[in-house]
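These notes are about the structure you will find just below.
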Amino acid sequence: MQAILAQLIAFDTTSRESNLALIRWVQDYLAQFGVDSTLTFSDAGDKANLFAVIGDAALPIVVLSGHTDVVPVDGQSWQSDPFVMSERNGRLYGRGSCDMKGFIACVLSLVEEWTRLAAAGQLQRAIGIALSYDEEVGCLGVGRLIADLQRRQLPVEGCIIGEPTMMRPVIAHKGIAHYRCRVLGRAAHSSLTPRGVNAIEYAARLIVHIRKLADAEQSFGMRQALYDVPFTTLQTGVIHGGTAANIVPKDCEFVFECRWLPGDDHQRFVDSVREYAALLSAEMQQVAPEAAISFEPLVNCPPFESDAGSSVRQHVDALCHGCRGEAVAYTTEAGRFAEAGIAAVVCGPGSIEQAHRPDEFVELGQLALCRDWLLRLTTRLSRPAGL
């Protein structure tokens, strides 16, 4: 398993890069055990999802899913090469070790065992392996994988997404949406400020409006106690604008996000921002008719709630006996699977606190726990020999 993880980490699959080298390596690895895989590609053809089935594909399929892309290491200070796995004090370091190549390595390490059971006719459920691209930039790639499963009418019973949860089941999470707002004003010499339209200042008024929406939601909005942050949140994460201190800025853009609870509707916040922007636009155009404010949706990942009655939930509950299902503020591909009618649970090795950080690591004990967990899942999906 460690050798597999070292190989996976060695592929620089930062979301801005291609993941095809890793996908081809996994494809070849599976082929060694007689397992065929299907790829679905991005528009540019430089990235791909992989899906493979071990066992009879006519049986209900329990899918084990992970994303192959990782976040950048730019600007981070690492003690070791982030794309060379290193072991220190019972921890395996490297970009993606925790999020989430550790889970993928655990899955791949059991392929030989699963193919043996399948050849002996002992699997009551087929096991699916799903690897996706571009999860870190908005769960963009997995939709094509899911669409392909639906097109082929494969009998997917449920999906376990192996994000780092310390092997405790996550049964709900928030949705997330990002929007880019562009403000076009009119440039002027700063000594002639009234003749210009200051794009930064109008952007700032919009940002304050977003902050007020967030504050109101925190004080008066709906709550779900299961979450660590039990209300819908909004925030502005990026802003750019202006060219010099003595020039009224013509352009400004910023990106804001909303993370909303299942059962809430984030569109109401977006509509409020757009309505206020229309008022500001009219004010700007009194000075500069060409002034405008526009919005571009960037990311929209749905929230997720696990179906307590689904078979995959029952498998996870039985294997995590005594663990209370948790809800989290971050977002995973579970929302995409659930949106498509595929029951899902999130459960995997490592801590989310290590994800995206310099010196990212996963503990060897967590990988061992995950592999044992997957073996116990295998037992639940198998029939005794001779039956």
Side-chain angles (χ1 to χ4, degrees), residues 1-17 19 21-23 25-26 29 64-111 129-137 139 160-170 173 228 316 319-320 323 326 328-334 345-377:
M1 180 172 55
Q2 289 189 48
I4 295 173
L5 180 55
Q7 182 62 67
L8 296 177
I9 289 173
F11 294 110
D12 179 358
T13 53
T14 306
S15 299
R16 63 184 174 229
E17 306 292 342
N19 74 335
L22 182 150
I23 289 294
W25 184 87
V26 173
Y29 175 86
L64 304 172
S65 179
H67 63 80
T68 61
D69 61 318
V70 298
V71 296
V73 299
D74 305 22
Q76 295 184 342
S77 178
W78 284 69
Q79 295 183 43
S80 55
D81 188 332
F83 297 105
V84 176
M85 190 182 78
S86 60
E87 180 179 350
R88 300 192 296 275
N89 301 318
R91 298 170 174 177
L92 299 178
Y93 290 83
R95 176 54 87 219
S97 57
C98 174
D99 184 21
M100 54 185 297
K101 292 179 177 180
F103 175 75
I104 296 172
C106 289
V107 169
L108 294 180
S109 74
L110 290 172
V111 168
I129 298 174
L131 305 181
S132 67
Y133 67 88
D134 279 359
E135 187 272 351
E136 295 288 7
V137 290
C139 301
I160 298 169
I161 294 95
E163 291 279 3
T165 68
M166 297 296 287
M167 295 308 299
R168 295 192 293 265
V170 166
H173 66 59
D228 49 358
V316 172
L319 295 172
C320 299
C323 293
E326 299 178 2
V328 294
Y330 59 82
T331 305
T332 78
E333 291 174 335
V345 179
V346 182
C347 189
S351 169
I352 194 65
E353 293 182 4
Q354 301 306 321
H356 301 187
R357 297 171 61 122
D359 293 323
E360 177 183 349
F361 68 83
V362 64
E363 294 178 351
L364 284 166
Q366 279 288 300
L367 294 178
L369 189 62
C370 178
R371 196 172 190 277
D372 176 70
W373 193 94
L374 290 171
L375 284 170
R376 289 188 290 120
L377 174 65

Looking only at heavy atoms, which two atoms of [X] and [Y] are closest? And how far apart?
X    : Y    : result
E135 : T331 : OE2-O, 3.8 Å
A368 : M1   : N-CE, 4.5 Å
V346 : A334 : CG2-CB, 3.7 Å
P169 : C323 : CD-CB, 3.8 Å
W373 : L319 : NE1-CB, 3.5 Å

#### Entry: Contact list for residues 361-370, test side chain to side chain donor-acceptor pair (under 3.5 Å), sequence neighbours left out
none
Which pairs would a plain distance check flag for residues 95-109, meaning a side-chain donor or acceptor within less than 3.5 Å of a matching protein atom at least two apart in sequence or in another chain?
residue: R95; atom: NE; partner: V71; partner atom: O; Å: 3.1
residue: R95; atom: NH1; partner: R357; partner atom: O; Å: 3.1
residue: R95; atom: NH1; partner: E360; partner atom: OE1; Å: 2.6
residue: R95; atom: NH2; partner: P72; partner atom: O; Å: 3.2
residue: R95; atom: NH2; partner: Q76; partner atom: OE1; Å: 2.5
residue: S97; atom: OG; partner: L92; partner atom: O; Å: 3.4
residue: S97; atom: OG; partner: G94; partner atom: O; Å: 2.8
residue: S97; atom: OG; partner: E360; partner atom: O; Å: 3.3
residue: D99; atom: OD1; partner: H67; partner atom: NE2; Å: 3.1
residue: D99; atom: OD2; partner: H356; partner atom: NE2; Å: 3.2
residue: K101; atom: NZ; partner: L8; partner atom: O; Å: 2.9
residue: K101; atom: NZ; partner: F11; partner atom: O; Å: 3.1
residue: K101; atom: NZ; partner: T13; partner atom: OG1; Å: 2.9
residue: S109; atom: OG; partner: C106; partner atom: O; Å: 2.7
residue: S109; atom: OG; partner: R371; partner atom: NE; Å: 3.0

Could you measure the distance from the [atom1] atom of [X] to the [atom2] atom of [Y]? Nearest 0.5 Å is fine.
X    : Y    : atom1 : atom2 : value
L377 : D372 : CG    : CG    : 11.5 Å
Y29  : I4   : OH    : CD1   : 3.5 Å
M85  : Y93  : CE    : OH    : 12.5 Å
D359 : S86  : CG    : OG    : 8.0 Å
M166 : I352 : CE    : CD1   : 12.0 Å

Main-chain N/O of [Y] paired with [X] side-chain donor or acceptor, under 3.5 Å:
X   : Y    : result
T14 : V70  : no
N19 : D69  : no
S65 : I161 : no

### Task
Give the C-alpha distance, both sets of side-chain angles, the deciding distance and a yes or no for side chain to side chain contact (heavy atoms under 4.5 Å, CB included) between D228 and Y330.
CA-CA 10 Å; D228 49 358; Y330 59 82; over 6 Å; no
Do [X] and [Y] come within less than 4.5 Å of each other through their side chains, counting heavy atoms only?
X    : Y    : result
T332 : V170 : no
C370 : M167 : yes
N89  : F361 : no

### Task
Would you please test R88 and S80 for side chain to side chain contact (heavy atoms under 4.5 Å, CB included) and show each step?
CA-CA 11 Å; R88 300 192 296 275; S80 55; 3.4 Å; yes
### Message
Let's go through Q2 and L364 carefully: what are the C-alpha distance in whole Å and the side-chain angles of both, what is the deciding distance for side chain to side chain contact (heavy atoms under 4.5 Å, CB included) to 0.1 Å, and is it a yes or a no?
### Response
CA-CA 9 Å; Q2 289 189 48; L364 284 166; 3.5 Å; yes
### Query
Can you name the residues that form a salt bridge (Lys or Arg N to Asp or Glu O under 4.0 Å) with D12, not counting sequence neighbours?
none
### Message
Please determine whether side chain to side chain contact (heavy atoms under 4.5 Å, CB included) holds for the pair V26 and I129, giving the CA-CA distance in whole Å, both sets of side-chain angles, and the decisive distance to 0.1 Å.
### Response
CA-CA 11 Å; V26 173; I129 298 174; 5.8 Å; no
#### Entry: Check against side chain to side chain donor-acceptor pair (under 3.5 Å), S132 and E333
CA-CA 9 Å; S132 67; E333 291 174 335; 2.6 Å; yes
